[in-house]
Engineer: 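First, the structure itself, so that you have it in front of you.
Chain naming here is simple, since letters A, B, ... match the order of the sequence lines and numbering starts at 1 in each.
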Amino acid sequence: MLVNFSGFVHLSRDGAVFPDPHGVRGECAGARDSRVLYSRVFGPNESESELNQTQERIPEESRLLQKERVAVVARQVRSAVSLSRDASGRQLVEVVPGEEALALQEADSGVVRLRMGQPFPGEMSALWLSVLNVGFTLVCEPHDNLLLAEGTLRTLARLCVEHLHMLGQGSEILLKSNRVDFLLSRLLPHGQLLFLNHRFAQSLEKETPRAPHTCSTVEAS
Amino acid sequence: MFSHGSESLIKQARDIQEPELQKFYSRLTKLLQGKDLGLEAVDSLQRLHLILSATKFTRKLPPELHTRLFALTSSPSEQLQILSSAVLRETLPLCDQEVNYTQITPSLLNTHASGLLLSQASSTTTLSPFCAQLVRSLENRHSEAPSHSQTHTLPILNSVLTHSPECLTEEHVSVLSKKLVDWLRYASITQVTSPGGFFSGSRSRQPGPIAELDGTVSGDFFTVLCVGLSFTDDQWMNVYSFSMLRNWLLTYYSVSNCNTTGDTAARLQCSLSLSHSHSPSNDDRSVDGSVISMVSATSSSSRLLPPKERLREKSFQYCQRVIEQSDRKAQKRADAELQKACLVEAVCILDALCLEDCSLVYRVFPCVKALYGRLSSDLSYARVLLPIAQFYLNHGEMAAVDCEAMWQLVFSRFPAELFNDSLLAHEFLRFIRQNIQNLPLKVPQYTRFFPNLLKLLAWDSPTLVDDYVDLLPSMVTTGTAVELLHTLLDLPCLSATLVLQQRSVLLPITEPSARGLQALDAFRNPNFRGLFLFLLRGEAGSGDTIDRLSVLHELLAESADWPRVVQCAQTVPVLLHIFFNTIIKVADEKLLAQLILVQLERSSLLLNVPNYMNEIHRVFSYHLLKLCKLHPSLVVDQSHDLLEFAGTTSNVYNKEELYTHVVWVLGEYLSLSCDSRCSVRHITSCFEALEAVLFEITSSAPPPGGVCPNPRVVTTLMSALAKLASRSHDLIPRVSLFLSKLRTSSRGGSVSWCSDEDDLVAIVTRGEELWSLLKTPGVAQSVLTPPAHVTKPQWHRDTNVAAPLQLRTLTRLTQPQ
């Protein structure tokens, strides 16, 4: 069992409803407003079957390909989330600090089928969870256990929201992505979904450091 | 604002200038030379990671910095391990520093560094030795290195195998199979008593047996559903082993299939037909049925089995235990969810085991059957029941089990009651897609369930339309075609009805609906109950459609702007195209004629969703043309209904697309050359009907508030009349008279029925061309109704009838010098 990548897609805050005038599967008008905040692909950059076809591909290209794939998934999920919100007629509400747990409870979730070659070489399922303006996505292989993946994604989302204040005003996730790496190394080691009962999960969480709430900017010099 | 802040951060990271970046690199290199790396180093590494990851172009690090970062991946601080490997993942490995995978000792690598190595491994040639090292380290793990650094080896190995299964050798398979048996079946059954758990920091020291999820003391071997205060190393390995077991079984099966050609054919046949066993002894067993195989289940000699068989045996026992444990009432909600996930996994593993070794079916089936009996009445277990259904589909025949109740549950109750569960819908449709080849054979009633199956689509069209693009052809049969077409056209109504159904459950009847939804009142009104019940029917066969469709559409009128209904309406044209493309291959002319009638009839009987009608008319027009081109005699067959449609003036205005095509089809194919039954009477009555409409629309202004007829409709009507006249020369004077009148009346430059001057000029020109052509009836006939040999592909090779020649004749005729 292997989860191909776990990404976090940022959805724009004011984007409750983006009507899609050009049919159901096209890119949403609002899709450009989303931003991938974090993404992680497990395993080798390219699978063997791909390497055979493109022996000549230089490493820069395969990195680019990977980034583009993540972007494609992000756009598809973005469309799915806004269409699903649209259909259910639910409105986005601003979260009051301290009510993150409620937002997590009411999070919308769903799954998008990624056809073979769109964008991965094999068919995949992109499981998504949308907590207010932030989307969490887990891309699964066809034989992955989606029930387990769903539970894992919820746990990951909860820990990210708690540890990185993702629903708040800061932009910690960009700079403190190592915290997500840490969580992933425990809950989804090398992309492996784990059957963890609450005791196992607790013993993992106990050692996860909590972050103080800070704001940062990039200053390279 | 959150988004604003992150936007500016990303922008800063992307726009950073080269000199500034170089300064940053050298400062960081210097910083990393120090012994004690504090907050400043962490902060700088975080910034570096953002700078590298924010752009899709690869930035290269100075070699010295790169080397220092690589060294940092084995730093004692986990935070630095994570940061340095994250940074290095975003760049490329140094050329002269190609990692020598044969010299790596995985036990000395931490999880983050191994992840980095794996992500940058470029081919199988580098991965194979890495894989071998990983297997070796697992084999020797008791003798070497601190054990807690080992747990990540299993998932890493699994990751390698998923990407490059060819790294695995037969030897690895037996080593790993042996180890997995140990971890799965023989993990300690006491809670941790000494330090050395997977993670340091567990303070509990009390010894004691592990517990079940409901709190009782566990009486059997350890599984993922056992709890304790903290866990020993081998208990963690048990969790990892079960988590990767299914993938492992699937992978090594494919590897053994490639490597050992000896029994490949037998195994393959076994997995395909599920009716043969691959060894004589198994054959004996299958003859005598489950009694003997149950006896063999109790044999305690499994230690003597070869590793793969032994792993199968132990996996079976593990799954049995997990299934039994899932019946316990979990104290935590999260654990109840985990129980369901474990059930799914266990059933899937059992399925994989049986596919591999058919003789296991007799032993496994009672267990799965009992589970089905336990869960089938509780729809909250629907997602567990799906893998069980897969198991029944794969092995039901062999075990001679009656699966009827299972299919009733899956195809009847799931879509009807759980249509709004998006994840179930996804898995359910994937189940059908994966079995699309043998599902109609093993479950003959499958196609009858299409009204039910379409409920999933009606509820969540944008997400599921992709699945139905694949599945719809399997539902199209000559028996279902007409009803399916009606059902597809009413899909937006079904969508609206599902919304109403849900709302009527949520809003109690006593409470007057605050927003005054008339549709909801109608839904609850017993007078209209039958209409809605027809839409919500689960199976086909109760009639193609209903009489009072227009009433239903009126009742649902307000739903036309509900987002769910609009989304659904947008998918219908796509599905109609698939429907027609499929049916055209299987249907006989009688059925096709019936479909044409449905098209004509339903062209005005549609839910009034904005633009929906136009889209449907476009699809109808396209396929009407295709159908008639393929079977021209359909036009003569259905001339009565086609004429009735074409003779109705209002259709010119509100169905112009379809109307134009119907007129064209009549003009083109109502001819003796298409069907010998076509008589002069046919042609004359058609001519008269079209003539009347053309006269009506060109002699008066459009109805008040209406728009002028589309010039394309007018020219198509004129051409159709000219074509018909060329086949029955008595009619020529009538056309000529009309065309000359048209010219006279438009001489003034404006008429009431055409507002655009250019359009009018085009119409008149067309009229003049046809008029001139009809002056020489012989030529007119060969041009307007070309004989069959002219339309055949090879006609251009014949110089006597070549296109240039015909065109030149035409030009000379229509443009007199």
Side-chain angles (χ1 to χ4, degrees), chain A residues 1-2 10 12-13 23-25 35 37 42-45 47-48 51 59-60 63-64 67 80 83 86-87 89 110-113 115 125 143 145-148 150-151 169-171 174-178 181-182 185 189-200 203 206-207 217-218 220-221, chain B residues 2-3 5-6 9 12-13 16 20 23-24 46-47 50 56 58 82-83 86 92 111 115 118-119 121 123-124 152 155-156 158-159 162-164 199 201 224 227 230 239 242-244 246-247 332 334-335 337-338 340-342 344-345 383 422-423 426 461-463 465-466 563-564 567 570-571:
Chain A
M1 172 172 337
L2 180 120
H10 167 226
S12 85
R13 181 173 280 264
V24 280
R25 243 6 240 274
R35 176 73 79 190
L37 290 179
F42 295 106
N45 258 343
S47 68
E48 190 57 25
L51 280 170
E60 279 94 339
R63 181 177 181 272
L64 184 65
K67 292 254 168 198
L83 284 166
D86 207 1
V111 60
V112 178
R113 174 185 171 200
R115 269 177 183 273
S125 305
H143 56 83
N145 189 326
L146 285 188
L147 259 176
L148 182 62
E150 215 184 326
Q169 302 283 309
S171 41
L174 284 174
L175 280 171
K176 308 262 164 85
S177 61
N178 55 314
D181 283 332
F182 180 86
S185 74
H190 305 281
Q192 175 72 57
L193 287 166
L194 293 180
F195 289 86
L196 298 174
N197 62 48
H198 79 277
R199 283 290 187 188
F200 279 100
S203 68
K206 244 186 255 167
E207 55 165 340
T217 52
V218 174
S221 56
Chain B
F2 173 77
S3 51
S6 18
L9 261 183
Q12 281 179 59
I16 194 160
E20 202 182 351
K23 242 194 285 175
F24 178 57
Q46 286 174 337
R47 276 154 216 273
L50 178 61
K56 55 185 178 180
T58 318
I82 292 178
L83 271 168
L92 305 175
T111 175
L118 187 57
S119 75
S123 67
T124 319
H152 67 266
I156 254 224
N158 202 25
S159 178
T162 308
H163 286 93
S164 315
F199 299 104
V224 293
V227 290
S230 60
V239 172
F242 180 63
S243 301
M244 71 171 275
R246 175 146 60 121
N247 195 35
K332 299 270 176 185
D335 285 344
E337 292 298 309
L338 182 72
K340 282 185 195 171
C342 281
V344 169
E345 194 72 8
R383 289 175 67 188
S422 60
L423 281 140
H426 176 81
S461 327
T463 317
V465 65
D466 236 11
R564 200 177 291 283
Q567 288 175 5
Q570 286 172 339
T571 59

Engineer: Would you confirm whether B:Arg246, through its side chain, and A:His143, through its main-chain N or O, come within 3.5 Å as a donor-acceptor pair?
Structural biologist: yes

Engineer: Roughly how far apart are B:Leu9 CG and A:Leu174 CG, rounded to 0.5 Å?
Structural biologist: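 With rounding to 0.5 Å, CG (B:Leu9) is 5.5 Å from CG (A:Leu174).
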
Engineer: How long is the straight-line distance from OG1 of B:Thr58 back to CD of A:Glu60, given to the nearest 0.5 Å?
Structural biologist: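 Result: 5.0 Å between the selected atoms.
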
Engineer: Distance from B:Ser159 atom OG to A:Phe42 atom CZ, nearest 0.5 Å?
Structural biologist: 9.0 Å

Engineer: Counting only non-hydrogen atoms closer than 4.5 Å, does B:Leu92 touch chain A with its backbone (N, CA, C, O), its side chain (CB onward), both, or neither?
Structural biologist: side chain

Engineer: Need one label for B:Lys332: side chain, backbone, both or neither, based on atoms under 4.5 Å from any heavy atom in chain A.
Structural biologist: side chain

Engineer: Specify the closest pair of heavy atoms between A:Phe195 and B:Val239, including all atoms of both residues, with the distance to one decimal.
Structural biologist: O-CG1, 3.4 Å

Engineer: Between A:Glu150 and B:Arg383, is there a side-chain N and carboxylate O pair less than 4.0 Å apart?
Structural biologist: yes

Engineer: How many angstroms lie between atom CG of A:Leu193 and atom CD of B:Glu345, to the nearest 0.5 angstrom?
Structural biologist: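 With rounding to 0.5 Å, CG (A:Leu193) is 9.0 Å from CD (B:Glu345).
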
Engineer: Ignoring hydrogens and angles, tell me if any N or O in the side chain of A:Arg113 forms a donor-acceptor pair with the backbone of B:Asp466 under 3.5 Å.
Structural biologist: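 Yes, because the side chain of A:Arg113 sits within donor-acceptor range (under 3.5 Å) of the backbone of B:Asp466.
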
Engineer: Check B:Gln567 against A:Ala87 and note the closest heavy-atom contact, atom names and distance.
Structural biologist: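 Scanning both residues, the minimum pair turns out to be OE1-CB, 3.8 Å.
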
Engineer: At their closest point, which heavy atom of A:Gln192 faces which heavy atom of B:Pro155, and how far apart are they?
Structural biologist: CB-CB, 3.8 Å

Engineer: What verdict does the side chain to side chain contact (heavy atoms under 4.5 Å, CB included) test give for B:His426 and A:Leu146, after you've listed the backbone C-alpha separation in whole Å, the side-chain angles of each residue and the deciding distance to 0.1 Å?
Structural biologist: CA-CA 10 Å; B:His426 176 81; A:Leu146 285 188; 3.6 Å; yes

Engineer: Return the CG to CG distance between B:Leu338 and A:Leu148, rounded to the nearest 0.5 Å.
Structural biologist: 7.0 Å

Engineer: Sort out for me which of A:Ser185, A:Ala80, A:Gly89 touches chain B most, counting heavy-atom pairs under 4.5 Å.
Structural biologist: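 Sorted descending by pairs with chain B, the first entry is A:Ser185.
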
Engineer: Okay, side chain of A:Arg63, backbone of B:Lys56: is any donor-acceptor separation there less than 3.5 Å?
Structural biologist: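 Between the backbone of B:Lys56 and the side chain of A:Arg63 there is a qualifying donor-acceptor contact (under 3.5 Å).
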
Engineer: For a quick test of reading the model, state the closest non-hydrogen atom pair linking A:Asn145 to B:Ala341 and the distance between them.
Structural biologist: ND2-O, 2.9 Å

Engineer: Show your working on side chain to side chain contact (heavy atoms under 4.5 Å, CB included) between A:His190 and B:Asn158 and close with a plain yes or no.
Structural biologist: CA-CA 9 Å; A:His190 305 281; B:Asn158 202 25; over 6 Å; no

Engineer: Would you call A:Pro189 and B:His152 a side-chain contact if the rule is heavy atoms closer than 4.5 Å?
Structural biologist: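 No; the side chains remain at least 4.5 Å from each other.
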
Engineer: Quick one: of A:Leu64, A:Asp181, A:Asn178, A:Leu196, who has the most non-hydrogen atom pairs under 4.5 Å with chain B?
Structural biologist: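 Greatest number of close heavy-atom pairs with chain B: A:Asn178.
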
Engineer: Measuring from B:Gln570:CD to A:Leu83:CG, what's the distance to the nearest 0.5 Å?
Structural biologist: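 Rounded to the nearest 0.5 Å, the CD-CG separation comes out at 8.5 Å.
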
